[in-house]
Structures are given as structure tokens and as C-alpha cells.
Visitor: 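Structure provided below as C-alpha cells; questions to follow.
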Amino acid sequence: MEPIRQYSAETIAQLEDRWQQYWDHHQTYVAPKTSDKPKYYVLDMFPYPSGAGLHVGHPLGYIASDILARFKRLQGYNVLHPMGFDAFGLPAEQYAIQTGTHPAITTERNIQTFLGQMRRLGLGHDPTTQLRTSDPGFYRWTQWVFLRLFGAWYNQAADRAEPIETLVGHFERQGSAGVDAHADPHDPFTAQEWLAWDEPSRQRLLLHYRLAYLSYDFVNWCPALGTVLANEEVKDGVSERGGHPVERIRMRQWALRITAYAEKLLRGLDTIDWPDSIKEQQRNWIGRSVGARIRFNVQGQPEAVVEVFTTRPDTVFGATFLVLAPEHPLVESLVTAEAALTAQPYIAWASNRTERERSAEKEVSGVFTGSYAVHPFTGAPLPIWVADYVLVGYGTGAIMAVPGHDERDWAFATRFGLPICEVVVGGDLAQGAYSTKEGTLINSDFLDRLAVPEAIARAIGELEARGLGEGRTTYRLRDAVFSRQRYWGEPFPIVYREGLPYGVPDDELPVTLPEVESYQPTGQAESPLAAVTDWVERPDGSVRETNTMPGWAGSSWYFFRYFDTGNDSALAGPERLKYWAPVDFYIGGAEHAVGHLLYARFWTHFLYDLGHVPVAEFARRLVNQGMIQGVSQMVYKERNANVFVSADSLAAGTAYIEIHCDVHLVQGEVLNLEGFRAWRPEYAQAQFVVSADGKFRTRPQVEKMSKSKYNVVNPDTLCDQYGADTFRMYEMFLGPLEASKPWDTQGITGVHGFLRRFWRLFYDEAGQWRVQDAEPTPAMLKQLHQTLKKVADDCERLSFNTAVAQFMITVNELTKLGCQHRAVLEPLVVCLSPFAPHLAEELWRALGHTTSIVHAQYPTVEERYLVEAEFEYPISVNGKVRAKLLLPLDLPAQAVEAQVLALEEVQRWMGGSAPKKVVVVPGRIVNVVV
RNA sequence: GCGGACGUGGCGUAAUUGGUAGCCGCGCCAGACUUAGGAUCUGGUCCUGAAAGGGGUGGGGGUUCGAGUCCCUUCGUCCGCACCA
């Protein structure tokens, strides 16, 4: 291979291409899947291969993980750094509906674009691990996991999931007595009854327990997308994808009993190194609240019992009325004939309002049902109201209103003239409700004079003793709706016989996605698969489930598949799982906080319970890379004329239209007028009012990077111009990895200049090799080892921006020192290689090495070169470090002592007196004793 | 409203985690070269001052010999959650 001697635009392209080919050809990044070396697993959140390709914001995380992977490899780890694709998803399907192109074709096309762009960046992913969630060989195991969920129940006594067989065994021996499960309620039964039941009855009952089960409940139905959505996919009452309105309707759907894992998901957060904000979001989402359920009988309706949840059972004597959500199942029977006239319209109106309308509403609204509940302790009649500030989905969908100590209840009581009763001392009711936990109880019979915490315990004890309720922990987390009425997703491995679901045998997996004539949903809540009758109807008379799994199914476990992508007897081989799990470093966007990241934890906990994977938490450390925002460039056009005015010359009285112009036409807020004229035909003849200096200025504006704002900067063009190494280093140099920051193309020249100057250390301007074997000077060695140390530290703490800065300092310094010494430059190239792998490979080869620098060893930091000519002596007074004294390194202990004694400041702390004793210890701490 | 993160030059940022604030880069200024350029190289660039010096990390207060860093308070920005009983 002929060495490249110049580092210029033409040769950079040649150089980078050459090494990319070399890496492909030599399979440089394939990790041995088992090894004696310690492992390090670096994982990116795999992308959905959208049609738009990558913009400069996307590669930030990929570059960071690539640098870390390369760095860890240099440190001697066996590094797995894979890349796959989250290939099922709505955009490909919607494109298919419009064009008839099979989603698999568009998806594969997009994947190839992504792969090309990633290769161009020099990302060293293990090429043997390129999985796709839409590949039958992969989704076979997604279906397999689903079957395990379907075939499992949550044993609360053992605090883990177990195969459903253990439950059936219990039923056969003891009936439902003694089962402590996370399950839907049902009537108790005996072993005899169970044994007497027919198969459908047993199956129907088991659905109450299965961790994947059919539910008939309120779901988020999105008419525009033609599918249901999980709570995590709905934001502010509209779909996260597309922003379409979402309705709450009752439908039969598959759901996963994630609520069984609420407590484990909460506790597991304490064992993992994830960002606080993500942990906090997950805690909020799980929404644990401790309190009690209380049952209220209804006057004149012995069969009706209103159960409420409260976190403040101590305030039960302050309850003056009950409120039910409009959708509460008891509402219908509680509305009396007299009240119906006013109540019915309100209930109908409130139930039909969207979540969004309801939460936007500030006005208190509600209606009296005409019925009264009986206070469990006083027997007082409490009017039962219906109001939409009570949500059907939380707690029991009913509350006891304590207007004295809950703001919403107070507002409601005030609005409708209901009584307000003070039961906790600690505030002023004239100012409104107060919900202090500091006060003591009054007007509360047996709770009087107790402090709130004791009162809560006492109230729960009393409720339980009298059978009126019990202590209870409630979670905001809902079971996850798991079916979608779409084509482009994993088919369920489920068939129905007599309307009851059965899992297909494992040896029938994968249940492959059939071809369809139309990708259009076939009607209200039905997947396009329903139309494929010869697929749906099976010879034995059973029919297939026609929904498909949601987008997050495959992403909930894919990180285990990279260990063993070809395995067709298990999701991954046990010894590989044992070696590689968990992920050591996971990087991706913060937007997945309560979606993917929660589901993936849930699936991992589940698989761990069943012994299929060796870890309960899949990712030890998580980092969210910041978003790179676009910087739009705005130009101002007079409203009524084809006249553009420079942004610093706008006239006060004139009306202007703000127009996004292509950011590539702007250099440092100055518009390239010729380019702008040529950009749009209608601007060719426009007039331009320029600033005093003759320049036409734009106004920058930070916003999301988007095609419509003409602020998208494509990494490919920057790689063409400066090379991938420059691009990689510049993305890192931009700022801290986790911070969001606006893209600024201008600064890239600084990094590019650094790489050129670095090259100059090896080749002079004429392309002559200048590296010598001479002995480097101490100053050079100091510079080298400082850099080796700083860069290693910075890589450990992911401070890549400061590492890049350190490289720049070094190259400036070594240039000044005239360094051309192999002993300095060779280690430096290794140190730089994670950041600029192409350039490093080239120089490594020029230094005479015949193997890839990827497998080199990170140079040893020799501390002796780092010690300063002067040393900071920490001075401790009676053991507490009080000061540091800068003294020459070789100063004898006595001299240090003398210096300390002479230090006026030390005497000042001593209160004017000289220290009794000064001890200089070998660790160079100076102890001063008074 | 609740929770989290943060506030440093014209800009992106750095500061050995309590020890000389402003590293590195952009931009800007000056100079060199020059086939005048959006190239390259050199030097300068927090404020004030002729200098010595003084001031300075959103504002105010505190702890400390010493605070960008810790504590209290206030203002502001960003993010998340939000009728959660």
C-alpha cells in the first residue's frame, strides 16, 4: 500500500475510503463471541430506518459510542459494538398504503442508506451482528418471548413470574385458595370445581393470570392511524407519532401485565447507573402511592359498594361526599330517577370529551347522582357525585372527597355548596384547603389528637379490623396494550379455538407475516391481516390472531440477540449470554425514557425470573446524548414588495415577512446574494437593501432540524469537504455529550486545522517523512504523557470535548517544540485513533506497522514525566486539610517545614501563635499540630 | 402547581471537584505571504487603567485563610410530569 503523504481534500477521501475497505475486508471489528479477555458491551439504541437518512444530529451518539468502543478495545477489552435496525414501524407501512410498495422493500432500501452513511463515518460496528427486527429469524424469538409471557403468571408470594403450570398445579390441589398472584379478580373456586370444569372454562380463568392476556378495557384508539396505542405512545391526548387525536374507547386487546413488575422496576432503578432524569421519569410514570382502599355502602342499594382509594385515610372523618368518574361502572345504577334528568346529559357529555379537553378545562364541573353513601365510621349520609376531575383509570375511579384538606375537593365543594369539615390542625381553612402532614387530628373520633402518620396507621388498622377497607399501594402504571391493527409488525403466535386464545407450539415459530393485497386497515379496529383468509383460517378449524405487535416488541429484548444472531435454538446461547450480558454502556435519546427503556427493563426482569437471561437489568450504564438543534437563517422581505432587507437594517414601521433561507447560503450571518437569487426563481429579480458595510445579514434562530426549515446539515457533505475524522472530532468538540446544542458549521475549520497540523508532525509540507528515532526532550515527554492521561480520563467520563481540546493543545505544543520523535508521535497516534481512526491507521502504517491500529494497546502513562517542577503540599491543621503550598519538588522535608513555619497565614489560623509541630509525611501532606 | 437540570467573554465551552477564572475552538483585530481568497502562517483578544494595580462567573447574603464550585435567598432559562385522590 503506497503511503499517502499529503493531507488535503483529495487525499483525505482516498485515505478514508482505503481504510474503510481495509476494515471491511479484514473483518476488523468482528468481536470473538467468547473469549478469556474481559468483555465490554457498547450499545447504541438501534435506529428506525426512516427515509430521510441521517442529519448531523443523528451520529452524535454513534460517534461517542464508537470512540468509547475503540478506546476500550485499546485498553484490552473484548469489545462488542453492534448495530441493528428497528425495522418494523408505521412510516414504512403508510408509505406502502400510498404507493403499494412492500414495507420490506422500503425498509431495506433505507437500511442500506443508513449503513452507507455509517460506514462513511468510520463507525466500527461488528458486521456480523446486523439484525433487523423484521427478519423472521429475529421475530421468531420476539414471538417466543411473547409465548413465555402468555404462559406465565406472577406469583407474588415468590415475587417472581412462574410458568402457568405451577398455577394449574395449585388449582388442581387447592383451588384458588392460597394463591397470591398479581391477577384480575375472580370468584374463588375449589380444586373439585377446577377439575370439573371443561377446558374453555379453565382457559378463560387462566387469562386472569397470564402476563400476556386479552383484556376488554378502555384503550387509546387513534382513528387517523387506525390502531390502538399504549399510554407511552400518547402525549397530551394526541399520538406521539403524527400528533393525531386519540379517543378512549373500550376494545378487546392484548395487554402485558407490566403492573406486576411495578415494584421491581422501581427497585431496580437503584441498582443501575442511569441519568437521574430518566430514573425520575420512570418513577413518576410508575407513580407509586401508598394509602388505603375504603368501601362505602350505598343507602338503599345493598348490592352497591363504592370502593375508593386515598393516600390520606386519616382524613376519613373529613369526607363529606363521594365522587365517581363519569365512566365508573356503578354510575348508571347510582343515578336516581329524580336526578337522571340533569345527571344523564352531564355524564354523557363528560364521557365523550377527549383527555385533552378534560385536562385543558379549568372550570369545576359535576353532577349529583341522587344517591347517598354511608360513612363507614359515623354512618352519616354522604352524597355521591359524578365529576370528570376523577379519572376512571387511576385507583378505583372513585374518591372520598375531603374538601378541608384537598384543593380539588375544596374547589368542588365550594362550587356546589357542599360541607367542608376540618379534621387536621395545621392551616387556615378560610384560605382554602391545606393538605399538611404535620398537624394533628380533630373532629375524628378515635383519631383525635393523633399526629398524621400515626393517624394513617390507626385508620388503616381500624378499617381492616372492621372489614371496611385495607391498606393498599396503588400505581399509576397501567398494563401495556400490546396489539396493533397494522400489517408491518410481528404476527402474534396465537390461534383461537372457540373464541379462546392458545399459543402455537414453539416448533411452529416463526409465524411469518403473509403477503397482503392491500396494506389499508380493513375497517374499524381490524388489521389488514384479517383479509388473508387462507392464512387466518387453519385446517384444524382454529383461526389466527390478526393483530400485530407494537413497535416496541422487538426493541424490548434485541440487545441480547447481538451475542448470537444466528442461533435458531434459543434467543442466544446461555454461555454467550453469561459472558456478554449486561450492556456496559447504552446510549440513545432521552425521548425513550418511559417507552422503550421501561419495556426493555420489564422484559429483561421477566426473562430473568424464568431463567432465560442471567441479568435482571439489561443496561448497567445509560447515557442520553443531547439533541443537535438546527440553526435556521431568517431573511426579511417587505410584505408588499419583492424587496429583502438586511436583518440589522429593518425599519420600524414596515411590515416584513420572515422567510427561512437555506443555511448553506449563509456564512457567519452574511447571505450569499448570488446563491440566494439562484435558489428560487421568484427571488432572481428581487431587490436587496444591504447594511452599511455592504453585507446582507440574516438572523439566526435555533429550532429543530427539519427539511421545511432549510436548516438540515447533512454529514455526507461535511465528510466530503473535510473528511470523516474531522467530522467525528468536531461533533465531539461541540460540547458535552449530554447537552443539547445548536449546530454550527463554521467551527469545523478549527478541528480540521488541528488534524492537518497533526499530520504535519509526520510529514513536512513537501510530503517528506520527518519522524526520527532520536531521544525526545523531557518537555515533549511531559506533553505526551499529560495527553495520554487526560484523554484516558476524559474517555472514561465521556468528556470527549475536553479530550479533543487536549489533542489541540498537544499538537500546538509539540509543533512549537519541533517534535519529530517517534517515541512521542507513535503513542500519540494510538491515543488519537478512537477519534480519528482513518488518519491514525494511515500514520500507523507509515510508522511501519503491518496490523490495524484498532488492535494496538493504549500506551502506558508514565507518571514520572508528569510531575511538576513544583509541587502542591497540602497543609492540614489537626488533620483537616486547610491549605496547599506550592513548593519546589525536591525540597527536603526540613525546608518544607521551615516554609510552613514561615507562612504567616498558618500563624493567623493558629491565632497568632506559631505551630507546635510540623510533620512532613512521605505522602507529602504537611501536618500542623497546634 | 410538583419534580429535575442549569446560569461563566461577542459565541460554543474549560477549570485538577474548595486553591492563579476564562483552557481549546469559532468570531473579531493586527501583521506576513500573495495570481486579493470563504486559502495558509504569526501575534493579539474579559472589563478598567499609561502603568502598577483594581474589578469580574445572573442578583443579594452566608460558610471559609480562600467560593464559578458548598449553604440560604431571589431572578431567569431549559426539560419532564401534571386534575394521580
Side-chain angles (χ1 to χ4, degrees), chain A residues 235-236 275-285 287-289 291-292 308-313 315 319 322-323 325 355 358-362 364 387-391 393-402 405-409 411-412 435 474-477 590-591 593-594 624 626-627 631 667-670 672 700 729-730 733-736 738-754 756-757 765 786 789-790 793 799 801-812 815 868 872 874-875 877 881-886 903-910:
Chain A
K235 289 249 153 72
D236 299 326
D276 289 338
S277 67
I278 298 281
K279 287 187 180 184
E280 204 50 38
Q281 280 183 63
Q282 293 208 349
R283 285 193 193 102
N284 285 343
W285 190 260
R288 182 178 198 264
S289 50
V308 305
F309 174 75
T310 177
T311 55
R312 296 292 301 273
T315 62
L322 300 189
V323 188
E355 291 255 316
R358 279 209 210 178
S359 55
E361 182 68 74
K362 296 278 177 285
V364 189
D388 67 0
Y389 81 90
V390 176
L391 308 175
Y394 185 76
T396 59
I399 62 159
M400 64 171 197
V402 184
H405 306 289
D406 181 283
E407 277 181 44
R408 290 153 304 161
D409 297 345
F412 196 81
S435 52
T474 294
Y475 300 89
R476 202 184 74 110
L477 183 71
E591 66 273 18
V594 293
N624 298 123
M627 292 235 289
V631 179
Q667 181 88 25
E669 293 175 34
V670 176
N672 168 358
M729 292 197 85
Y730 184 54
F733 183 66
L734 225 41
E738 299 185 53
S740 288
K741 51 237 158 188
W743 177 258
D744 168 29
T745 302
Q746 263 188 36
I748 200 168
T749 55
V751 174
H752 190 58
F754 152 73
R756 274 207 322 269
R757 288 198 298 280
E765 276 166 61
Q786 259 177 8
K789 186 167 165 51
K790 174 93 170 109
D793 287 352
S799 180
N801 54 329
T802 54
V804 175
Q806 180 63 34
F807 281 121
M808 294 189 180
I809 294 167
T810 299
V811 83
N812 289 345
T815 305
E868 298 283 343
E872 272 188 342
I875 300 175
V877 177
V881 173
R882 299 291 295 269
K884 282 175 189 167
L885 188 60
L886 202 65
L903 199 65
E904 282 176 39
E905 252 179 331
V906 173
Q907 299 203 4
R908 249 208 332 279
W909 313 326
M910 304 284 121

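The sequence lines fix the lettering, A, B, ..., with proteins before strands; numbering per chain opens at 1.
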Visitor: Nearest to the A:Asp388 side chain among B:rC84, B:rA14, B:rC83, which nucleotide is it?
Guide: B:rC83
Visitor: Between B:rG38, B:rC84, B:rU40, spot the one nearest the side chain of A:Arg756, thanks.
Guide: B:rU40
Visitor: Any idea which of B:rG4, B:rG25, B:rA85 is nearest the A:Arg757 side chain?
Guide: B:rG25
Visitor: To the nearest Å, how far apart are A:Asn624 CG and B:rG80 C1'?
Guide: 12 Å
Visitor: Taking the minimum atom-to-atom distance to the side chain of A:Tyr389, which one of B:rC83, B:rG3, B:rC84 wins?
Guide: B:rC83
Visitor: Considering only B:rA14, B:rC26, B:rC24, which nucleotide approaches the side chain of A:Asp744 most closely?
Guide: B:rC26
Visitor: Any side-chain N or O of A:Ser740 under 4.0 Å from OP1/OP2 of B:rC79?
Guide: no
Visitor: Under 4.0 Å between a side-chain N or O of A:Arg476 and OP1 or OP2 of B:rA82?
Guide: yes
Visitor: A:Ile278 has an atom CD1; how far is it from atom P of B:rC81, in whole Å?
Guide: 11 Å
Visitor: Given B:rC24, B:rA85, B:rG80, which nucleotide is nearest the side-chain atoms of A:Ala805?
Guide: B:rC24
Visitor: Quick check for you: among B:rC26, B:rA15, B:rA85, whose closest atom lies nearest to any side-chain atom of A:Gln746?
Guide: B:rC26
Visitor: Taking atom P of B:rC26 as reference, at what distance in whole Å does atom NE2 of A:His752 sit?
Guide: 13 Å
Visitor: What's the gap between B:rU45 and B:rG10 when it is taken at their C1' atoms, as a whole Å value?
Guide: 11 Å
Visitor: From the list B:rA85, B:rA14, B:rG25, which nucleotide is the closest neighbour of the side chain of A:Asn812?
Guide: B:rG25
Visitor: Syn if the chi torsion is within 90° of 0, anti otherwise; quick check, which is B:rG9?
Guide: syn
Visitor: Using whole Å, what does the distance between atom P of nucleotide B:rA14 and atom CZ of A:Phe733 come to?
Guide: 10 Å
Visitor: Measure from OH on A:Tyr730 to P on B:rC26 and round the result to the nearest Å.
Guide: 10 Å
Visitor: Round to a whole Å and report the spacing from CE of A:Met627 to C1' of B:rG80.
Guide: 14 Å
Visitor: Side chain of A:Thr311 only, heavy atoms from C-beta on: which candidate in B:rG25, B:rA85, B:rA14 is closest?
Guide: B:rA85
Visitor: Just compare B:rA15, B:rA85, B:rG38 and give me whichever is closest to any side-chain atom of A:Asn672.
Guide: B:rG38
Visitor: Sequence neighbours excluded, which residues qualify as side-chain contact (heavy atoms from CB on, under 4.5 Å) partners of A:Glu591?
Guide: none
Visitor: Rounded to the Å, how far apart are A:Gln282 CD and B:rG3 C1'?
Guide: 15 Å
